**Q** 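Please see the structure below; I have some questions.
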Amino acid sequence: TAQVALCLVSLISAGLLLRSLQNTLAVDPGFDSRNGLVLPINLGFGRYDEARGRQFYRQVIERVASLSGIRSATLAAYVPLGEIQGSHWVGIEGYQRGETESMQLKRNMVGPNYFGTMGIPILRGRGINDRDTETTRPVAVINETMARRYWAGRDALGGKIRMGQMTLEVVGVMKDGKYGRLDSPAEPYFCLPMRQDKFEKQFHLVVRTTGDPRSMIGRVREEIRRMDPNLPVSNIMTMTQFLEYSLTGAKATATLVGIFGLVALVLAMVGVYGMMSFSVSQRTHELGLRMALGARRGEVLRMVLGQGMKLTLIGVGIGLVVAFGVTRVLSSLLFEVGALDPFVFATVSLMLAGIAALACYVPARWATHVDPITVLRYE
């Protein structure tokens, strides 16, 4: 009974985590993950000052974008759903923040044609292009959530964002996306041209291909090696692989709990089977006498099966009570699924009861083959 209860708790926990993972995978990340490549570039491995570094960035975009099979290429300081995301304290012209409200918002520094390459729709205004340079007015593209929160009832286009000593003018509004995690709520986010912010030696090259991106990995890697053999270019991934990598933690947790639940299931079923086999062996003479006195095989089968299922159902009941408390602890790890999700609780309970019934059935079936004549002769 204890084994069945423990097994039920483990399987329900695994079921909730797997359903949460399924919901997470169905979320729209806000960009097109098809036909994309991501490659981190670290100029710290070469002798690059700001002038040479900015020149390298311009050339790498031009040369990679010119390759046959490449639709477009750009650079970004951070890729949405990557391990590291940038942020900055800002002030919004015309917006009075609350006393405890944080104005540290996530931001990205991106190259020309970033939104087209990433497949992020611009809903109003424009994106960032080649005209946004060090000598032009600083601009920014914000997401829908940022526009609604800080420009409620006003037109965000033309709005001003103060970031340190720089004032950015909003020139576009992009579609909301996911930035830190797929299961994170909508949050303010803005992008500014990389040429208008401070120089950074680490960026990500983002490439959009016309066909299978895996076929272009070697050509992109070789082109960068021609430009600088000292730069590491081994960690290149397709955008799909990048998304899967961002879910590694959630998958590992669900897999670990699932394995524990399957082990508990095997142990519980072995326990039920062993208990029923032992019970039948101890009651061989009793069952033989019952059948000699007129008990039918079906009646004996139901009696023995009922004994095993009674203990199983008691274990299921105890397991459900324990699971009601345990799964509440998992609520912070779940996405769009309740800690007391009735579908998971009912499905796992019925599955466990069905497997337990099968484990009880085999020994119960043996009990119906006891020979009454042999038992009476022994008595």
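Hydrogens, waters and symmetry mates play no part in the numbers below; they use all other heavy atoms, side chains included. Remember, predicted model here, so these are calculated numbers, not experimental data.
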**Q** If you draw a 6.0 Å radius around CZ in Arg181, do more than 12 non-hydrogen atoms from other residues or ligands fall strictly inside?
**A**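 No, CZ of Arg181 has 12 or fewer neighbouring heavy atoms, counting only those of other groups under 6.0 Å.
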**Q** Are any non-hydrogen side-chain atoms of Leu37 and Val220 less than 4.5 angstrom apart?
**A**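 Yes, at least one pair of side-chain atoms sits under 4.5 Å.
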**Q** Would you name the heavy atoms of Ile128 and Leu192 that are closest together and state the gap between them?
**A**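 Where Ile128 meets Leu192 most closely, the heavy atoms are CD1-C, 3.6 Å.
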**Q** With a 4.5 Å limit on heavy-atom distance, are the side chains of Leu313 and Val4 in contact?
**A**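 Not touching, per the 4.5 Å side-chain cut-off.
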**Q** Can Arg162 and Glu93 be counted as an ion pair, charged N to O under 4.0 angstrom?
**A**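 Judged by the 4.0 Å cut-off on N to carboxylate O distance, Arg162 and Glu93 do not form a salt bridge.
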**Q** Any side-chain heavy atom of Val173 within less than 4.5 Å of one from Met146?
**A**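 Contact flag for Val173/Met146 side chains = no.
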**Q** In terms of side-chain heavy atoms, does Thr240 have a donor or acceptor partner in Thr238 at a distance below 3.5 Å?
**A**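 There is no such pair between these side chains.
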**Q** Kindly list each side-chain donor-acceptor pair under 3.5 angstrom involving residues 164-171, sequence neighbours excluded, with atom names and distances?
**A**
unit_1, atom_1, unit_2, atom_2, d
Glu169, OE1, Arg137, NE, 2.7

**Q** Do any pairs count as a salt bridge (Lys or Arg N to Asp or Glu O under 4.0 Å) and have a residue in residues 66-79, sequence neighbours left out, and if so which ones?
**A**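 The answer is none; no pair qualifies.
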**Q** Through direct or indirect side-chain contacts below 4.5 angstrom among Ile, Leu, Val, Met, Phe, Trp and Tyr, which residues connect to Ile84?
**A**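 Ile84 shares its hydrophobic cluster with Tyr78.
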**Q** Side-chain donor-acceptor contacts of residues 344-356 below 3.5 Å, not counting sequence neighbours, with atom names and distances?
**A**
unit_1, atom_1, unit_2, atom_2, d
Thr347, OG1, Phe343, O, 2.7
Ser349, OG, Phe345, O, 2.7

**Q** Under the rule for side-chain hydrogen bond (donor to acceptor under 3.5 Å, both in side chains), what residues qualify as partners of Asp228, not counting sequence neighbours?
**A**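 Only Tyr48 meet the side-chain hydrogen bond (donor to acceptor under 3.5 Å, both in side chains) criterion with Asp228.
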**Q** Would you say the side-chain atoms of Arg149 pair up with the backbone N or O of Glu187, donor to acceptor, closer than 3.5 Å?
**A**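 No; zero donor-acceptor contacts below 3.5 Å.
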**Q** Only counting residues at least two apart or in another chain, list the ones meeting salt bridge (Lys or Arg N to Asp or Glu O under 4.0 Å) with Glu222.
**A**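 So Glu222 forms no salt bridge (Lys or Arg N to Asp or Glu O under 4.0 Å) with any residue.
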**Q** Could you tell me whether the side chain of Met194 reaches within less than 4.5 Å of the side chain of Leu75, counting heavy atoms only?
**A**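 Leu75 reaches Met194 side chain to side chain.
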**Q** Considering all heavy atoms of both residues, which atom of Ser13 and which atom of Thr327 are nearest to each other, and what is their separation?
**A**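 What the structure gives for the nearest pair is OG-CG2, 4.4 Å.
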**Q** Remaining members of Leu358's ILVMFWY cluster at a side-chain heavy-atom cut-off under 4.5 Å?
**A**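 Its cluster partners, ordered by chain and number, are none at all.
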**Q** Using a 6.0 Å cut-off, check whether atom CZ of Arg52 has over 12 heavy atoms from anything other than its own residue.
**A**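 Check passes, neighbour count above 12.
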**Q** Could you pull out all residues at least two apart from Arg34 that satisfy side-chain contact (heavy atoms from CB on, under 4.5 Å)?
**A**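 Per chain and number, Arg34 pairs via side-chain contact (heavy atoms from CB on, under 4.5 Å) with Asp32.
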**Q** Please tell me if the side chains of Arg219 and Ile70 come closer than 4.5 Å, counting only heavy atoms from C-beta onward.
**A**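 Not touching, per the 4.5 Å side-chain cut-off.
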**Q** About how many Å separate CG of Leu6 and CD1 of Ile318, when rounded to the nearest 0.5 Å?
**A**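 Rounded to the nearest 0.5 Å, the CD1-CG separation comes to 12.0 Å.
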**Q** Which atom pair, heavy atoms only, marks the closest approach of Gly211 to Thr209?
**A**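 Where Gly211 meets Thr209 most closely, the heavy atoms are O-OG1, 2.8 Å.
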**Q** Going by side-chain hydrogen bond (donor to acceptor under 3.5 Å, both in side chains), name the residues that satisfy it together with Glu200, two or more places apart in sequence or in a different chain.
**A**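 Result, side-chain hydrogen bond (donor to acceptor under 3.5 Å, both in side chains) vs Glu200: none returned.
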**Q** Which heavy atom of Ala156 sits nearest a heavy atom of Ala147, and at what distance?
**A**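 Heavy-atom minimum between the residues: CB-CB, 4.0 Å.
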**Q** Which residue pairs pass the salt bridge (Lys or Arg N to Asp or Glu O under 4.0 Å) test when at least one of the two sits in residues 170-179, sequence neighbours left out?
**A**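 As it turns out, the salt bridge (Lys or Arg N to Asp or Glu O under 4.0 Å) pairs with a partner in residues 170-179, which skip direct neighbours, are Asp28-Lys175, Arg148-Asp176.
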**Q** Show me the pairs that pass ring-ring contact (aromatic ring centres under 6.0 Å, His included) and involve residues 136-191, at least two apart or across chains.
**A**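 ring-ring contact (aromatic ring centres under 6.0 Å, His included) check on residues 136-191 returns Tyr95-Tyr150, Tyr179-Tyr189.
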**Q** Going by atom types only, do Arg97 and Ser102 share a side-chain donor-acceptor pair under 3.5 Å?
**A**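 No, Ser102 and Arg97 have no side-chain donor paired with an acceptor closer than 3.5 Å.
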**Q** With a 4.5 Å heavy-atom cut-off, do Leu105 and Ile161 have their side chains touching?
**A**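 Not touching, per the 4.5 Å side-chain cut-off.
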**Q** Quick check: are there more than 12 heavy atoms from other residues, nucleotides or ligands sitting under 6.0 Å from CZ of Arg154?
**A**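 It does: Arg154 CZ has more than 12 such atoms within range.
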**Q** For Leu39, does its backbone N or O pair with a side-chain atom of His204 as donor and acceptor, under 3.5 Å?
**A**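 Side chain of His204 to backbone of Leu39: no pair is present.
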**Q** Under a 4.5 Å cut-off applied to non-hydrogen side-chain atoms, are Gln196 and Val139 in contact?
**A**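 SC-SC contact between Gln196 and Val139 confirmed.
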**Q** Which atom names give the shortest non-hydrogen contact between Leu231 and Phe56, and what distance separates them?
**A**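 Scanning both residues completely, I find the closest heavy atoms to be CD1-CZ, 3.4 Å.
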**Q** Atom CG of Leu243 and atom CG of Leu182: how far apart are they, to the nearest 0.5 Å?
**A**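 Those atoms lie 6.5 Å apart.
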**Q** Is there a donor-acceptor contact under 3.5 Å from the side chain of Gln85 to the main chain of Val79?
**A**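 Yes; judged by distance alone, with no hydrogens or angles, the pair exists.
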**Q** I need the Gln59 CD to Glu223 CD distance, nearest 0.5 Å.
**A**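 Going from the CD atom of Gln59 to the CD atom of Glu223 covers 10.5 Å.
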**Q** In Å and rounded to the nearest 0.5 Å, what is the CG to OG1 distance from Leu8 to Thr312?
**A**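 With rounding to 0.5 Å, CG (Leu8) is 11.5 Å from OG1 (Thr312).
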**Q** Please check if the side chain of Glu101 supplies one atom and the backbone of Gly98 the other of a donor-acceptor pair under 3.5 Å.
**A**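 Judged by distance alone, yes, a pair lies under 3.5 Å.
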**Q** Indicate yes or no: does Arg195 engage Asp132 in a salt bridge with an N to O separation below 4.0 Å.
**A**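 No, this pair does not count.
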**Q** Output a table of donor-acceptor pairs, distance under 3.5 Å, between side-chain atoms of residues 109-122 and any protein atom two or more places apart or on a different chain; print 'none' if there are none.
**A**
unit_1, atom_1, unit_2, atom_2, d
Thr117, OG1, Ser72, OG, 3.0
Thr117, OG1, Asn113, O, 2.8

**Q** Does the side chain of Glu144 come within less than 4.5 Å of Met174's, by heavy atoms?
**A**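 No, every pair of side-chain atoms sits at 4.5 Å or beyond.
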**Q** Between Arg54 and Glu50, does any side-chain N to carboxylate O distance fall below 4.0 Å?
**A**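 Yes.
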**Q** Step through the shown structure and confirm whether more than 12 heavy atoms of other residues, nucleotides or ligands are within 6.0 Å of NZ on Lys201.
**A**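 Atom NZ in Lys201 is crowded, with more than 12 foreign heavy atoms closer than 6.0 Å.
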**Q** Roughly how far, to the nearest 0.5 Å, is the CE atom of Met216 from the CZ atom of Arg221?
**A**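 Atom-to-atom, Arg221:CZ and Met216:CE are 12.0 Å apart.
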**Q** Which atom names give the shortest non-hydrogen contact between Val60 and Met227, and what distance separates them?
**A**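 Reported closest heavy-atom pair: N-CE, 3.6 Å.
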